[in-house]
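Before any comments, here is the structure.
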Amino acid sequence: MKMKTSHFGFVNEADQIAAAGYDAVELHIKEIMSFDDLEYQKARKLVKDSGIASEVFDNPLPLDVVVADDSFDFAYYTEYLKKAVDRTARMGARYFVYGNGKTRSLPEGAGREEASKKNEQLIVTLCDIARAYNITIMMEPLAAAICNSVLSVPEAYDYAKKLGCGNLKTLLDFRWFIAGGHPYSDIVEYADFIKHVHVDNPLLPFPERRVPMAGDGFNYGTLFETLKSISYKGYISYEANTFNDYQQDIRKGLGLLKDYGIYPYRYDADIKEA
């Protein structure tokens with residue numbers, strides 16, 4: 001079965017991800033926003049020349065920003081998001097992953113309700129900006145260890161319905177899915193709402209993330225077979241930040257998918273798994 005495959009990376013890694021056989025690179029908004037205009041044009045060309053897509057971008061706000069803080073400058077970050085959406089759209093963006101665990105965390109006690117309203121206002125603003133570019137925002141269910149709001153796919157569904165934003169959906173981050181002990185039936189029940197999947201070896205202690213591969217100690221069969229059963233149409237994206245050998249590791253990740261009968265759309269028998 002063909003499925004879209006992606007790997008996390010920086011702009012200068014797009015060529016290597018393409019060479020390994022992936023369909024796309026998943027880029028970081030923080031990196032795109034760090035470029036001056038000339039650097040941005042060079043980055044845009046580099047990704048385009050790699051020959052693979054860049055449809056999914058991560059973390060629309062800097063990871064150290066907290067919406068609930070009194071110091072959060074709503075006007076400044078509204079303009080920041082406008083620029084982020086415009087820049088990434090020119091690179092092919094169709095989805096934003098709203099992970100940002102610290103950013104969206106809520107204080108305990110009396111200030112929680114007001115902080116929730118500020119976070120909701122931020123999401124509605126982001127969705128409004130993104131809608132003009134046909135970009136969907138995906139609220140990422142996280143885990144209690146790093147966030148205290150929206151910790152499951154059903155919660156993400158209810159949150160989107162509450163806000164009434166048609167371009168607010170969710171994704172499945174497999175690490176946090178396993179950490180939360182969530183049932184695989186959630187994937188089936190919310191199949192139409194899950195637009196993206198992140199996978200890394202969930203047995204390793206966070207923040208270490210490694211490419212899933214055969215023999216790494218975890219059985220990914222239930223995940224991949226469930227995705228096949230719902231004819232999943234989004235990307236399977238490997239979120240890794242630690243490697244023994246970058247090129248070999250990312251190729252072994254595709255080899256694992258092949259073991260379960262899943263092939264990238266760019267699959268070519270001449271591209272050999274390590």
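Predicted model, so just to flag it, every value in this text is computed and none were measured.
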Whether Phe174 and Tyr184 hold their rings parallel, tilted or perpendicular, with breakpoints at 30° and 60°:
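Tilted.
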Exercise answer: donor-acceptor pairs, residues 156-166 side-chain atoms, under 3.5 Å, sequence neighbours excluded:
from	atom 1	to	atom 2	distance (Å)
Lys162	NZ	Glu120	OE2	2.7

Please check if the number of heavy atoms outside [X] that lie under 6.0 Å from its [atom1] is greater than 12.
| X | atom1 | answer |
| --- | --- | --- |
| Lys45 | NZ | no |
| Lys118 | NZ | yes |
| Arg112 | CZ | yes |
| Asn134 | CG | no |
| Asp36 | CG | yes |

*asked:* Please identify which of these residues, Asp58, Val56, Val47, meets the side chain to side chain contact (heavy atoms under 4.5 Å, CB included) condition with Leu27.
replied: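 Of the listed residues Asp58, Val56, Val47, the side chain to side chain contact (heavy atoms under 4.5 Å, CB included) partner of Leu27 is Val47.
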Check your understanding: Going by heavy atoms in the side chains, are Arg175 and Asn201 under 4.5 Å from each other?
Key ->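 SC-SC contact between Arg175 and Asn201 ruled out.
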Could you tell me if the side chain of Phe35 sits less than 4.5 Å from the side chain of Glu31, heavy atoms only?
yes
Testing the basics here: between [X] and [Y], what is the closest heavy-atom pair and its distance to 0.1 Å?
| X | Y | value |
| --- | --- | --- |
| Phe177 | Pro183 | CZ-O, 3.3 Å |
| Pro264 | Leu254 | CG-CD2, 3.9 Å |
| Thr88 | Ala84 | OG1-O, 2.7 Å |
| Ile135 | Ala89 | CD1-CB, 4.1 Å |
| Ala24 | Ile17 | O-CG2, 3.6 Å |
| Thr5 | Asp23 | N-OD2, 2.8 Å |

Tell me if the centroids of the rings in [X] and [Y] come within less than 6.0 Å of each other.
| X | Y | result |
| --- | --- | --- |
| His198 | Phe8 | yes |
| Phe74 | Tyr76 | no |
| His28 | Phe57 | no |

Any link between Leu227 and Tyr220 through a network of hydrophobic side chains (Ile, Leu, Val, Met, Phe, Trp, Tyr) touching at under 4.5 Å?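 Per the 4.5 Å side-chain linkage, Leu227 and Tyr220 are co-clustered.
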